[in-house]
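What you see is a predicted model, and the numbers here were worked out from it, not measured in a lab.
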Amino acid sequence: LTADIAEGDFDSLLVDKLSLNAPAFSFDTMQLLNNRAFVLSQPVTAKVKLALSEAGLNRFISSPKTISKIEKSIQKQTGGLKLITFSKPSLSLLSGNKIKMNVTGLVAQGLAVPLEMTGKLGIQNGQLGISDMALSSGGSDLQLPLDVAKSFQDKLNEMIDFKRLGKNSLVITADSMKMSGKSLLIDGHATLTKLQFGA
């Protein structure tokens with residue numbers, strides 16, 4: 001089984017390229033045609049290559065769905081009070097597997113504060129993840145009631161978890177990652193347990 005996907009949308013996470021290559025295996029053609037699904041008797045391991053671009057990551061973090069989930073995560077930490085909202089997020093891939101994120105935070109008093117967060121990208125437990133996220137607020141002495149950088153980091157890591165995105169039928173594990181220009185290139189493997197097509 002060989003599959004190539006371009007511009008795939010995994011629950012708002014845009015993957016520029018995904019290639020999958022699995023060794024030969026057998027399945028019941030009629031069962032697949034009749035049920036539009038076939039559960040494999042033995043899981044099959046496939047090689048996977050992923051490419052995520054800076055532009056695709058920016059579309060992901062600027063999605064209203066992504067921002068809303070981060071805001072709700074922070075709101076839970078403040079006892080349901082919506083103390084801060086975010087707008088105009090942008091992400092830059094830097095050398096050394098580092099990232100920089102800029103976002104405008106609007107605090108409860110109506111004050112717009114430019115926030116800059118820096119962190120590292122790497123493979124953590126077989127998943128792409130952000131670590132060591134740190135926040136600066138452009139010289140402002142604003143005291144935020146919680147760790148905004150950690151809230152961004154934790155929620156983004158949850159949302160880019162390939163295990164969650166695979167819906168359990170295609171579990172992708174990242175083995176290595178490198179940065180090439182403005183793209184992340186990830187080599188890994190996937191465990192196939194089910195074939196499915198159609199709605």
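- A 4.5 Å side-chain heavy-atom check between Met101 and Glu116 finds every atom pair outside the cut-off.
- Cluster membership for Met179 and Phe60, using ILVMFWY side-chain heavy atoms within less than 4.5 angstrom, is shared.
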Let me check something: any side-chain donor-acceptor pairs from residues 117-126 under 3.5 Å, sequence neighbours excluded? List them with distances.
none

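- Rounding to the nearest 0.5 Å places NZ of Lys100 at 5.5 Å from CG of Asn102.
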*asked:* Please evaluate residues Leu1 and Leu20 with respect to the criterion side-chain contact (heavy atoms from CB on, under 4.5 Å), reporting the C-alpha separation (whole Å), side-chain torsions for both, the decisive distance (0.1 Å), and the verdict.
replied: CA-CA 8 Å; Leu1 173 66; Leu20 181 146; 4.2 Å; yes

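- Asp175 and Gly188 get closest at one heavy-atom pair: OD2-CA, 3.3 Å.
- Between Met133 and Lys150 the shortest side-chain heavy-atom distance does not fall below 4.5 Å.
- The nearest pair of heavy atoms linking Ser19 to Asp4 is CB-OD1, 3.1 Å.
- Across all their heavy atoms, Gln153 and Asp132 have their closest contact at OE1-N, 3.3 Å.
- A heavy-atom distance below 4.5 Å is found between the side chains of Leu128 and Ile186.
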Could you walk me through whether Asp154 and Leu156 pass the side-chain contact (heavy atoms from CB on, under 4.5 Å) check? CA-CA 6 Å; Asp154 291 349; Leu156 287 173; over 6 Å; no

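- Linking Ile, Leu, Val, Met, Phe, Trp and Tyr residues whenever their side-chain heavy atoms come within less than 4.5 Å places Ile160 and Ile5 in a single cluster.
- Grouping the Ile, Leu, Val, Met, Phe, Trp and Tyr side chains by contacts below 4.5 angstrom, directly or via other members, places Ile67 with Val107.
- For Lys17, the NZ atom sits in a loose shell: 12 or fewer heavy atoms of surrounding residues, nucleotides or ligands are nearer than 6.0 Å.
- For the residue pair Gln77 and Ser151, a side-chain donor N or O sits within less than 3.5 Å of a side-chain acceptor on the partner.
- Contact of the Ile130 side chain with the Ile99 side chain is registered, since non-hydrogen atoms from C-beta on lie closer than 4.5 Å.
- One hydrophobic cluster, built from ILVMFWY side chains closer than 4.5 Å, cannot hold both Leu14 and Leu185; they sit in different ones.
- Residues Leu13 and Met159 fail the side-chain proximity criterion, which asks for heavy atoms closer than 4.5 Å.
- Residues Leu18 and Ile172 form a side-chain contact, since some pair of their non-hydrogen atoms from C-beta on lies under 4.5 Å apart.
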Compile the donor-acceptor pairs under 3.5 Å between side chains in residues 38-59 and protein atoms, sequence neighbours left out, one pair per line.
unit_1: Lys49; atom_1: NZ; unit_2: Asp187; atom_2: OD1; d: 2.8
unit_1: Ser53; atom_1: OG; unit_2: Asp16; atom_2: OD1; d: 3.0
unit_1: Ser53; atom_1: OG; unit_2: Asp16; atom_2: OD2; d: 3.1
unit_1: Ser53; atom_1: OG; unit_2: Gly56; atom_2: N; d: 3.0
unit_1: Glu54; atom_1: OE1; unit_2: Leu93; atom_2: N; d: 2.8
unit_1: Glu54; atom_1: OE1; unit_2: Lys182; atom_2: NZ; d: 3.4
unit_1: Asn58; atom_1: OD1; unit_2: Leu91; atom_2: N; d: 2.6
unit_1: Asn58; atom_1: ND2; unit_2: Glu54; atom_2: O; d: 3.1
unit_1: Asn58; atom_1: ND2; unit_2: Leu91; atom_2: O; d: 2.8

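- Rounding to the nearest 0.5 Å places CG of Asn34 at 10.5 Å from OG1 of Thr29.
- Criterion: ILVMFWY side-chain heavy atoms under 4.5 Å apart, direct or through other members. Under it, Leu135 and Val113 are part of a common hydrophobic cluster.
- In terms of heavy-atom proximity, Gln127 sits nearest to Thr173 at NE2-CA, 4.3 Å.
- Looking only at side-chain heavy atoms (C-beta outward), Ile74 and Phe86 come within less than 4.5 Å of each other.
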